[in-house]
Amino acid sequence: MTVQPNKKRTTTLWAVSDLHAAVKANQPRLEEIQPNDPSDWLIVAGDVAERTELIVQVMQQFVDRFHTVMWVPGNHELFCRGTDRYTGREKYEHLVDELRTIGVITPEDPYPVFAGVTIAPLFTLYDYSFRGPMMSVEEALASARAREIVLTDEVAIAPFVDIRAWCWDRLAYTTRRLSRVEGETILVNHWPLIQEPTDKMLWREIALWCGTRHTRGWAKRYNARAVIYGHLHMPGVETYDGVDHIEVSLGYPDEWRRRGSVPQWPYPVMEVEQ
């Protein structure tokens with residue numbers, strides 16, 4: 001890259017999610033994830049792939065391109081089979097170890113600071129609380145099964161871990177860490193932190209696997225200038241309580257082909273002059 005004399009250089013914080021790199025048609029799209037300047041940072045908000053080897057391979061490409069790379073897991077990173085060496089919490093821990101080895105910042109690492117703003121990679125999971133009023137978890141899941149609207153999570157995650165208990169552990173761990181942060185933040189999570197974005201989904205039952213009500217006030221409580229998330233495959237920016245909630249998903253080929261070139265992707269979250 002040649003820098004023109006007197007031309008101002010900028011550093012950009014980019015964000016992507018839901019790359020689903022195991023899908024052949026998505027693989028060329030990964031080449032679009034390039035920095036404008038070697039100083040640029042990249043957020044990867046989950047659902048890179050299912051197999052640890054492929055996840056690490058893709059993230060290594062980003063490490064080679066960007067100054068700093070951050071990652072949070074999505075549900076696809078947690079998918080397991082009974083024959084896998086690592087399942088449940090152990091798979092996540094193993095993946096964190098592998099990504100740390102290549103220099104990726106994970107939700108278990110100190111939060112980095114970009115231009116004075118703390119970037120907080122989060123891992124909160126879901127607890128089936130994005131459900132209809134007056135319904136128990138069991139009733140909501142039974143209703144979803146009756147309509148044959150059930151995410152793969154129920155066969156690829158749930159048999160290997162108590163997902164609600166893990167979610168609540170993550171909430172306690174994360175609130176302790178966020179409570180020590182001073183100043184502005186950018187909160188990064190795979191699942192949306194609020195339920196409103198799920199109201200636009202065609203099948204509302206899917207919201208059961210999309211987050212937890214316990215993160216509802218985090219954006220205001222932790223002084224977020226933006227929330228970055230994925231999972232829903234409905235990229236765009238919506239403002240709630242004065243905070244931009246930005247979904248940065250690529251999604252599956254039929255989805256991004258239908259959308260065309262809008263919205264902008266990768267998404268420029270912040271840009272600062274050097």
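A quick note: this is a predicted structure, and the numbers were derived from the prediction, not measured. All values below were derived from every heavy atom in this structure, side-chain atoms included, with hydrogens, water molecules and symmetry-related copies excluded.
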task: Would you tell me whether H190 and N75 have side-chain atoms, one donor and one acceptor, within less than 3.5 Å of each other?
output: yes
query: Do L141 and M201 belong to the same hydrophobic cluster, where Ile, Leu, Val, Met, Phe, Trp and Tyr are linked whenever their side-chain heavy atoms lie under 4.5 Å apart, directly or via other members?
result: yes
- prompt: Are N189 and T124 linked by a side-chain donor-acceptor pair shorter than 3.5 Å?
  reply: yes
- request: Scan R131, R145, R147 and name whichever one has a side chain to side chain donor-acceptor pair (under 3.5 Å) with E205.
  value: R147
query: Do L125 and W168 come within less than 4.5 Å of each other through their side chains, counting heavy atoms only?
result: no
message: Is the positively charged end of R177 above the ring of Y111, judged by distance under 6.0 angstrom from the centroid and angle within 45° of the axis?
response: yes
- prompt: Any Lys/Arg nitrogen of R170 or E108 sitting under 4.0 Å from an Asp/Glu carboxylate oxygen of the other?
  reply: yes
Can you give me every donor-acceptor pair (side chain of residues 50-63, partner residue at least two apart or in another chain, under 3.5 Å) with its distance?
residue, atom, partner, partner atom, Å
E50, OE2, H76, ND1, 2.5
Q60, NE2, D64, OD1, 2.9
Q61, OE1, R65, NH2, 3.4

message: Can you tell me how the ring of W41 sits relative to the ring of F114, calling it parallel under 30°, perpendicular over 60° and tilted otherwise?
response: perpendicular
- prompt: For E182, does the CD atom have more than 12 heavy-atom neighbours from other residues, nucleotides or ligands under 6.0 Å away?
  reply: no
query: Given a cutoff of under 4.5 Å between side-chain heavy atoms of I, L, V, M, F, W and Y, with clusters grown through shared members, what are the other residues clustered with I194?
result: Y240
Residues T212 and D127: side-chain donor-acceptor under 3.5 angstrom: yes
- prompt: Between D40 and W14, do the side chains contain an N or O donor and an N or O acceptor separated by less than 3.5 Å?
  reply: yes
message: Hydrophobic clusters here meaning ILVMFWY residues chained together by side-chain heavy-atom distances under 4.5 Å, can you tell me if V248 and L13 are in one?
response: yes
message: Among residues at least two apart in sequence or on other chains, which ones pass side chain to side chain donor-acceptor pair (under 3.5 Å) with S249?
response: S17, D18, E247
- prompt: Linking I/L/V/M/F/W/Y whenever their side-chain heavy atoms sit closer than 4.5 Å, directly or via other members, would L250 and V44 fall into one cluster?
  reply: yes
message: Ignoring hydrogens and geometry beyond distance, is a side-chain donor-acceptor pair present between D37 and Q274 at under 3.5 Å?
response: yes
- prompt: So, D199 and R204, do they make that salt bridge, N to O below 4.0 Å?
  reply: yes
message: Among Y173, F123, F160, Y126, which residue satisfies the ring-ring contact (aromatic ring centres under 6.0 Å, His included) criterion with W166?
response: F123
